[in-house]
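Below is one structure, written out as structure tokens; the observations come after it.
No experiment lies behind these values; they were computed from the predicted model shown.
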Amino acid sequence: QETYLYDPKVLLQLDFHRSPAKFTPFISAANPGEPWMKVRPLKDTDYDRGFLQLLSQLTHVGNVTRTQFLTRFSQMKASGDYYVTVIEDTRKGEIIGAASLVIERKFIHNCAVRGRLEDVVVNDTYRGKQLGKLIVVTVSLLAEQLGCYKMSLDCKDKLIKFYETLGYVLIPGNSNSMTIRYDEDAPTKRNVTSASAVVSGDACQTVSLDFAS
């Protein structure tokens with residue numbers, strides 16, 4: 001029996017008309033544009049659907065065993081703060097897109113929660129199907145649905161315009177992302193279209209989406 005990381009029903013509640021993103025033709029998590037495409041939460045069986053191989057096209061993953069994958073999946077599910085969302089090509093049983101929403105619990109703003117967008121990646125062979133926009137808008141709307149007061153991400157300068165079309169804005173006076181790395185020897189080869197990455201030595205910008213009324 002397969003287990004979802006989070007309840008897939010929440011994705012059907014997302015109103016894509018709330019996003020400033022322009023889809024031509026219009027698509028959503030419920031109707032991604034092709035009958036063989038499915039937007040859903042990560043499953044514990046996605047180890048066999050190429051999920052880690054897709055991530056390895058974005059950044060260094062390492063030799064993760066099935067046991068390690070299942071252990072980390074269980075930890076994420078138990079915490080309730082991880083919303084890894086994927087796009088599956090159901091014809092092949094292959095994961096072709098992914099993004100992670102990580103919830104940060106705060107004392108500020110009346111013990112509010114903040115979202116962070118991480119690990120956005122789309123298989124390059126599926127270019128032209130708006131999947132980058134689709135996966136980012138999905139997790140962005142999901143953050144709002146879950147009550148986040150804002151959603152933040154780090155991206156390369158060349159991707160700022162892409163995120164601005166999805167409603168994200170640079171933070172005035174605080175647009176530079178700073179990172180301390182503990183894995184300096186990790187490979188940084190890129191083989192696919194990535195919409196979010198923090199790479200040692202690359203200039204990045206902090207971009208934010210506010211949900212405050």
Atom pair CD (E144) and OH (Y149), whose distance is rounded to the nearest 0.5 Å: 15.0 Å

Hydrophobic cluster identity match, V136 and I160, side-chain contacts under 4.5 Å: yes

Basic-acidic side-chain contact under 4.0 Å: D89, R91: yes

Separation of K22 NZ from T165 OG1 (nearest 0.5 Å): 8.5 Å

Chi angles and distances behind the side chain to side chain contact (heavy atoms under 4.5 Å, CB included) call for K133, F162: CA-CA 9 Å; K133 280 197 289 186; F162 166 75; 3.6 Å; yes

Flag for D157-Q205: side-chain donor and acceptor within less than 3.5 Å: yes

Heavy-atom closest pair, residues K43 and F69: O-CZ, 3.9 Å

Audit row: E2, D44, side chain to side chain contact (heavy atoms under 4.5 Å, CB included) steps and yes/no: CA-CA 6 Å; E2 298 179 309; D44 58 355; 4.2 Å; yes

Single-linkage hydrophobic cluster, 4.5 Å side-chain cutoff, M76 and L70 together: yes

Close side-chain approach of D124 and R127, heavy atoms under 4.5 Å: yes

Min side-chain heavy-atom separation L146-V113 under 4.5 Å: no

Pairwise side-chain contact, V39 with T85, heavy-atom cut-off 4.5 Å (strictly under): yes

Co-membership, hydrophobic cluster, residues V169 and L153, 4.5 Å side-chain: no

Donor-acceptor pair, side chain of Q68 and main chain of T65, under 3.5 angstrom: yes

L14 with Y4, same ILVMFWY side-chain cluster at under 4.5 Å: no

Given E88, R49, M37, the one that forms side chain to side chain contact (heavy atoms under 4.5 Å, CB included) with I96: M37

Side-chain touch L117/S100, heavy atoms, less than 4.5 angstrom: no

Sub-4.5 Å side-chain heavy-atom contact between I95 and I87: no

Crowding at CG, N110 (>12 non-hydrogen neighbours, <6.0 Å): no

Non-hydrogen atoms of T179 and S177 that approach each other most closely: OG1-OG, 4.1 Å

Residues that S152 engages under side-chain contact (heavy atoms from CB on, under 4.5 Å), provided they are two or more places apart: R114, R116, K150, S208

Main-chain N/O of G33 paired to N31 side chain as donor or acceptor, under 3.5 Å: no

side-chain contact (heavy atoms from CB on, under 4.5 Å) partners for K77, two or more places apart: T3, L5, F73

Short side-chain donor-acceptor distance under 3.5 Å, D81 and S79: no

Cluster check L141, F26: I/L/V/M/F/W/Y, side chain < 4.5 angstrom: yes

Where L166 and S19 come nearest, the two heavy atoms and their spacing: O-OG, 4.3 Å

Least distance between heavy atoms, D46 atom then P41 atom: OD2-O, 4.4 Å

Steps toward side chain to side chain contact (heavy atoms under 4.5 Å, CB included) verdict (L54, E94): CA-CA 9 Å; L54 180 67; E94 180 181 343; over 6 Å; no

CZ-CD distance between F51 and Q53, expressed to the nearest 0.5 angstrom: 10.5 Å

Whether Y168 and Y163 hold their rings parallel, tilted or perpendicular, with breakpoints at 30° and 60°: perpendicular

CZ-OH distance between R72 and Y47, expressed to the nearest 0.5 angstrom: 14.5 Å

Point-to-point distance, once rounded to the nearest 0.5 Å, from CG of L209 to CD of E164: 12.0 Å

Pairing residues for S74 by the side-chain contact (heavy atoms from CB on, under 4.5 Å) criterion, not counting sequence neighbours: none

Mutual orientation of the aromatic rings belonging to W36 and Y126 [parallel < 30°, tilted 30-60°, perpendicular > 60°]: tilted

Sidechain-backbone polar pair: Q130 side chain, P25 backbone, donor-acceptor under 3.5 Å: yes

Side-chain touch L170/T206, heavy atoms, less than 4.5 angstrom: no

Atom of L134, atom of P32 and distance for their closest heavy-atom approach: CD2-CB, 3.8 Å

Ring centers of Y6, Y83 separated by less than 6.0 Å: yes

Gap between atom NE2 of H17 and atom OG of S28 - 0.5 Å precision: 8.0 Å

Worked check of side chain to side chain contact (heavy atoms under 4.5 Å, CB included) between M151 and L101: CA-CA 9 Å; M151 177 85 142; L101 163 62; 3.5 Å; yes

Shortest non-hydrogen contact from L11 toward R40: CD1-CA, 3.6 Å

